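Notes follow the structure.
In what follows, chains are A, B, ... by sequence order, proteins preceding strands, each numbered from 1. A quick note: this is a predicted structure, and the numbers were derived from the prediction, not measured. Worth knowing before you read on, the calculation uses all heavy atoms, side chains too, and leaves out hydrogens, waters and symmetry mates.
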Number of protein chains: 2
Amino acid sequence: MQRVSLKFLARELGIAEGTVSRALNDYPDISEATRLRVKEAAEHYGYKANQTARRLATGVAEAVAYLMPANTNALSEPFVSQLLEGLAQSLAKRGWDLLVVQAASIEEEAETIAKLSSSGKVSGVVISRPYKQDSRIDLLRKYKMPFIVHGRSVFHDDYAWYDVDSQSAFMDAVDHLVSLGHQKIGFVGAPTYYHFAQMRLDGYRDGLKHNGLGFNENLVEIAELSDDAGERAGGSLLRSQTPPTAIICATDTQAIGVLAAIRSQGLEPGKDVSVIGYDGLAFGKHTSPPLTTMAQPLAHSGRQIGDMLLAIIDGGNPVDYQELRSAKLVRRMSDGPVRPENKTLHEEE
Amino acid sequence: MQRVSLKFLARELGIAEGTVSRALNDYPDISEATRLRVKEAAEHYGYKANQTARRLATGVAEAVAYLMPANTNALSEPFVSQLLEGLAQSLAKRGWDLLVVQAASIEEEAETIAKLSSSGKVSGVVISRPYKQDSRIDLLRKYKMPFIVHGRSVFHDDYAWYDVDSQSAFMDAVDHLVSLGHQKIGFVGAPTYYHFAQMRLDGYRDGLKHNGLGFNENLVEIAELSDDAGERAGGSLLRSQTPPTAIICATDTQAIGVLAAIRSQGLEPGKDVSVIGYDGLAFGKHTSPPLTTMAQPLAHSGRQIGDMLLAIIDGGNPVDYQELRSAKLVRRMSDGPVRPENKTLHEEE
DNA sequence: CTTGATTCCGAAAGCGCTTTCGGAATAGCG
DNA sequence: CGCTATTCCGAAAGCGCTTTCGGAATCAAG
């Protein structure tokens, strides 16, 4: 397959292998004349350096890995592909590769990282959705493997990360709802071993306090990151003693489920009960009603994360690469003023 | 980083490097005793073979690449991540890697493949959404690089592919609509340089003919693979002289746009105008109304494709790895019997 | 012309692993 | 007990590239 090697080129040109290599890599100790000659020949024969050999010789992998979240589910995946696309683009500028690695289970994530680190396959890794304290981060640190995390764990002072300030986003969401007259605001959260879930819950609480509202345990439900789980959580919120007039959700995916729950109670989302999601996923435009959401700048985050990681691999101090973006409210149709008569399930019954 | 090398282990055990290597790789000419001794030591020191060196020595890359479709757009991406996840799982069983490569543009895809092939980075590649005649396929063939395509080009006899019979799926969709009394059935297609687009259009025509219906050029619109494009196409269909009472779309993403177009004409999707999509994407459950669609078995296709590719790399004949699955109708709420009075835009005006 | 500084290239030593080859040690057989 | 067949391991040659080092050729300066 790989017919044209360095050796071949060298023989063809009648010069030494090392010379060809240096010419190709623009070493200063090669005359302009032979450099040109070599490059032309390379072009002519379609020479492409064998990456593997190159890597072994230089010791740099020229590749980074993306650790796929172990338990992904269909609806939340636009997240993954968008990130991947951006990452790939960023790396492509240098001709580096993107490895996608998937641990079979959460338990095996440690092993996966260990293997990744010592096998020399990659020179950096990016992980998503960290837990409050994430053993993956500890491991990466231990192996001195350059990395960046998409999100933050509780202690995030000494590594690189790119995150969106969802805590204040959720405060904003509460503010918005209160300005529409809502007082009983429910919350569908995510499992709080995810740090982002904790932060969003905190934001919700902060927002409540900021508006002089009390925190009511009965108004919050924790659900997995799926539409179905969101629907169940939304349903139990609506069936409670004091059903909320508005519900904020930790993710758009869950919010869509909540929308369904509201409808199945014979209520109208956006009128009888407002709901606000988080993520800003594109398909929220097409739900019924279109989902109001806190949109995070997912657009170029992949590219950004890639660039940051590259900078760290180049020797940058991870601490200098911490970036906090903010989300902003995108109003569609699922939020509205509280009903004067405060129509709720109770009146339905 | 890579502290424990073969050399280190060898010295530690007082035996030759080659012996250690053979012991680790279960060569038959190593005594059970030393094999055990070596493996224990490897375990103890946490030895992980340097992949790069291994690859160089063996000549096998132990990795395959997935060529990202050049122009992906947010809504269609569950497709990509699901595939990736399955692929990664399949490869992980052997400890192989998944490379995600993204060509900067369609023009550069050829260059990307050339580089991929001769750089020895991967031992196989998978591509998606082939064009009618796809130069990527020709190139891969030329370089004798094992590959499998997700979809089919026009001439697909001599390579491996995994596809869903969307042609007959679209016939079925027409049949279904006709059985509901529809006679004027519109079609929102995709650009026909994609072979899948052509096949779906053909299926639509076949269905028409099969039901004794004539093909009317004014009833078909070609649109890009996005919701917005679908909306535009749907709108122009509805505003035509003889608006359809039902619309079939090449993809769910477009169908969602069509739903919006129908609503914006003051019509009710599923009542006034039926629409059927294709793909079976999960979020179709949450559109308004929930989207009726031809669902393809996307679930384990990634894994399946991975397994097939691996078999080919192992020396299997590509021709033996061609798999055609079928899609089936998932009725949700966007289809229904034709309105007796055949209410259309004309009456609205 | 010499001499010392430059310029440019060839030779060779790896990178960390695999794999072939041959030979020492052991086993099997008459 | 001698001889051939086995078993097991050490030594060494790569895989295709990079990079250091030294020396031949060329140059400028004395």
Side-chain angles (χ1 to χ4, degrees), chain A residues 1-39 41-42 45-63 95 97 115 117-123, chain B residues 1-39 41-42 45-63 95 97 115 117-123:
Chain A
M1 189 164 299
Q2 158 83 6
R3 282 218 43 68
V4 288
S5 58
L6 254 200
K7 193 197 294 185
F8 173 83
L9 270 192
R11 211 162 23 211
E12 207 67 12
L13 292 166
I15 58 186
E17 267 184 67
T19 305
V20 177
S21 170
R22 289 193 314 257
L24 256 15
N25 291 319
D26 291 324
Y27 271 57
D29 66 343
I30 297 295
S31 72
E32 197 56 33
T34 68
R35 187 198 320 289
L36 235 66
R37 214 159 68 88
V38 169
K39 289 200 171 177
Y45 290 110
Y47 170 76
K48 301 274 192 300
N50 177 314
Q51 283 286 353
T52 309
R54 179 170 231 277
R55 283 173 191 176
L56 183 58
T58 61
V60 357
E62 300 199 337
D97 295 326
K115 191 154 163 223
S117 302
S118 38
S119 74
K121 284 195 280 211
V122 299
S123 26
Chain B
M1 189 165 303
Q2 158 82 7
R3 282 219 41 68
V4 288
S5 58
L6 255 200
K7 194 196 295 185
F8 173 82
L9 270 192
R11 214 166 15 215
E12 208 66 13
L13 291 166
I15 59 186
E17 267 186 67
T19 305
V20 178
S21 169
R22 287 190 318 253
L24 256 16
N25 292 319
D26 291 322
Y27 271 56
D29 66 343
I30 297 294
S31 72
E32 198 56 31
T34 69
R35 187 199 318 288
L36 234 66
R37 215 158 68 84
V38 169
K39 288 199 172 177
Y45 289 111
Y47 171 76
K48 300 276 190 299
N50 177 314
Q51 284 286 353
T52 309
R54 179 168 230 277
R55 283 173 191 176
L56 183 56
T58 60
V60 357
E62 300 200 336
D97 294 327
K115 191 152 163 225
S117 303
S118 37
S119 75
K121 283 194 281 210
V122 298
S123 27

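- Each of P28(B) and T52(A) was assigned the nucleotide of DNA chain D with the nearest heavy atom; the assignment lying further toward the 5' end belongs to P28(B).
- Between I15(B) and R37(B) there is a side-chain heavy-atom pair separated by less than 4.5 Å.
- When rounded to the nearest whole Å, the span between CZ of R54(B) and P of dG16(D) equals 17 Å.
- Of the possible donor and acceptor atoms, one in the side chain of N50(A) sits under 3.5 Å from a partner among the backbone N and O of T52(A).
- Rounded to whole Å, atom C1' of dT18(D) lies 15 Å from atom CG of L9(A).
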I need a per-nucleotide contact map over nucleotides 9-15 of chain D, read 5' to 3'. Cutoff is protein heavy atoms under 4.0 Å; write B for the base, S for backbone only, - otherwise.
BBB--BB

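- No side-chain donor-acceptor contact under 3.5 Å links S21(B) to the backbone of E17(B).
- For the helix from dC1(C)-dG30(D) to dG30(C)-dC1(D), the angle separating the two terminal helix axes comes to 50°, with each axis derived from five pairs and the value rounded to 10°.
- Taking both residues in full, the closest heavy atoms of A10(B) and A16(B) are given as CB-C, 3.9 Å, listed atom of the first, atom of the second, then distance.
- Atom NZ of K121(A) is separated from atom P of dG16(C) by 17 Å (rounded to the nearest Å).
- By the 4.5 Å heavy-atom criterion applied to side chains, R55(A) and Q51(B) are not counted as neighbours.
- Atom-to-atom, OH of Y27(B) to C1' of dT7(D) comes out at 17 Å; the value is rounded to the nearest Å.
- The shortest distance between side-chain heavy atoms of V20(B) and R11(B) does not fall below 4.5 Å.
- By the 4.5 Å heavy-atom criterion applied to side chains, L24(B) and L6(B) are counted as neighbours.
- The shortest distance between the side-chain N/O atoms of Y47(A) and the OP1/OP2 oxygens of dC17(D) is below 4.0 Å.
- Side chain of R35(A) to main chain of I30(A): a donor-acceptor pair is present (N/O by atom type, distance under 3.5 Å, no hydrogens or angles).
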